[in-house]
Amino acid sequence: MSFPLLTATAALPAIGAIATAAVPAARRTAAKWLALLFSLGTLVLAAVVFLRFEPGGDRYQLTESRAWIADFGVRYELGVDGIGVALLGLTALLIPFVIVAAWHDADPLETKSTRWRPTQGFFALILMVEAMVILSFVATDVFLFYILFEAMLIPMYFLIGGFGDRAHAGTDESAAAQRSYAAVKFLLYNLAGGLIMLAAVIGLYVVAGSFSLSEIAEARANGSLEMATSTERWLFLGFFSAFAVKAPLWPLHTWLPNAMGEATAPVAVLITAIVDKVGTFAMLRFCLGLFPEASKWATPVVITLALISIVYGALLAVGQRDIKRLIAYASISHFGFIILGIFAMTSQGQSGATLYMVNHGISTAALLLVAGFLITRRGSRLIADYGGVQKVAPVLAGTFLIGGLATLSLPGLAPFVSEFLVLVGTFSAYPVAGIIATSGIVLAALYVLVLYQRTMTGPVQESVRSMPDLRARELAVAVPLIAVLIFLGVFPKPLTEVVNPAVEHTMSDVQKKDPQPEVEAAK
């Protein structure tokens, strides 16, 4: 039996979570280093997965299959395609930066309402989320994926509700109440979507007789799987509703600004750059793969919702006074682009959407983590409490600017490539939708540049006059992320050559071909 590389990649952070939680309470620093060590080990294994993956090979590679719950036809079945390997790499890449950025976020506090913060538990929860997300990207059994899809909510709930942002205007009691509200809202929204999905998962098994993606695809290919049109559409809606909540797609997005606003900046990165990508990834793998006809049937509505997300999220970002809520609404707009690219059902659109998932994760991590360093120094999330920071902390201001420029998809930075592909793919199939989506680019430039102007330029406010610049630990977070943004901005080939064959498989599932350009005959 070959070495179970995918299992090992997911198991290592899970083992790290247990080991970190078991470190004695007095040895907080040791727990941090242990968590970082396990996350770096996971990154090494993810790199091996990426290098062993053959873009021109089988659709699912490094496969593993074992009986699990035999009476119900559930198997422990894993396999990675080009889209999954890209997102697995993103997850493994970002977690070490999240841990380093959160180095002091769970240190003990001495306040009236909080006497201690379990540091070991905080970092253990981060590693547990990493394990579940990685496994969800490689699960090819629908029931196994569902369990992971729901289980990752538990550690995220505690990370949001138990380890909130310390830069909160108000009393400890009001801060705790708002964190609790944000955590409960996050949990209820996602659980509601998950329960609907559970009904659809059961319905799929009744119709197909299997939870295995490969068995369902084989049955569809040989004609032994017959699914009535109405049944396929209902099952699609069950899956899509859960993924739309996770994504988050308008109007199921309202939990995200609360969760990101109340969480620490590293946990906010965990939410929007990593966990939420499971939703858009699942749209490609499960909605389009299992229900191709229903996906085409729902395309006009989904594209409309994606366009609303793009414009609505950007407009609300423009009007925000809270730095982290602004980034949250910007992310809603960006997820609209990702979903638009998926359901444009062109190879450029879906390649762009997959690249967008990766590039958005990196750019949002860079911007959010630097914003977190800024907020920690001043003790406030309000934009009005800043001004003139670039004069006292030029490196902080510079890295913040690059993260912001990546968010607005400046040419030369990674998100530009993905946004360009999404728009090209959308224009070729749905020109009007492409035109409307372009307005999101203009609004992105507005909210990013206004944010930078109000916080970093102008007269130096007295409250930031003694603000220190980025320290070595913080530079170790910001500089590599910026380097990756620049590298993928000028040389995206390492990702595109892995992603494109997987997109061809998805296009084949839905039996779609790229629209041919109309060329006027020469006179």
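Because only heavy atoms are used, hydrogens play no part in the values below, and waters and symmetry mates are left out as well, while side chains stay in.
For E130 (side chain) and I95 (main-chain N/O), no donor-acceptor pair under 3.5 Å exists by modelled atom type. A donor-acceptor pair is defined here as one N or O able to donate and one able to accept, closer than 3.5 Å; such a pair exists between the side chain of D469 and the backbone of V395.
Under 3.5 Å, the side chains of E262 and Y181 contain no donor-acceptor pair of N or O atoms.
Shown here for A406 and P415, the closest heavy-atom pair between the two residues is O-CG, 3.2 Å. What you find for R377 and L470 is that their closest heavy atoms are NH2-CA, 3.6 Å.
Side chains of F337 and I310 form a contact here, defined as non-hydrogen atoms less than 4.5 Å apart. For the pair Y430 and T346, the minimum side-chain heavy-atom distance is 4.5 Å or more. Contact of the V358 side chain with the V499 side chain is not registered, since no non-hydrogen atoms from C-beta on lie closer than 4.5 Å. Looking at heavy atoms from C-beta onward, R325 lies out of side-chain contact with M260 at the 4.5 angstrom threshold. The side-chain heavy atoms of I339 and L305, taken from C-beta on, include no pair separated by under 4.5 Å. Within the 4.5 Å cutoff, no side-chain heavy atoms of Y386 are placed close to those of M456. Side-chain contact between F163 and D105 is absent, with no heavy atoms from C-beta onward closer than 4.5 Å.
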N/O donor-acceptor pairs under 3.5 Å from side chains in residues 477-495, not counting sequence neighbours:
none

For residues 145-160, dump all side-chain donor-acceptor pairs below 3.5 Å to protein atoms at least two apart in sequence or in another chain.
from	atom 1	to	atom 2	distance (Å)
Y146	OH	G194	O	3.4

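Between Y356 and H334, the ring-plane angle classifies as tilted under the 30° and 60° cut-offs.
Applying the side chain to side chain contact (heavy atoms under 4.5 Å, CB included) test to L367 and every residue at least two apart in sequence or in another chain returns I327, F400, T407.
When the shell of 6.0 Å around CZ of R473 is examined, it contains more than 12 heavy atoms from other residues, nucleotides or ligands. Other residues, nucleotides and ligands place no more than 12 heavy atoms under 6.0 Å from the CH2 atom of W234. Annotation: F420, atom CZ; neighbour count of heavy atoms from other residues, nucleotides and ligands within 6.0 Å does not exceed 12. Annotation for R378: atom CZ counts as buried by contact number, over 12 foreign heavy atoms lying within 6.0 Å.
The distance from atom OH of Y447 to atom CG of L408, rounded to the nearest 0.5 Å, is 7.5 Å. Distance check: F343 CZ to L288 CG gives 5.5 Å after rounding to the nearest 0.5 Å.
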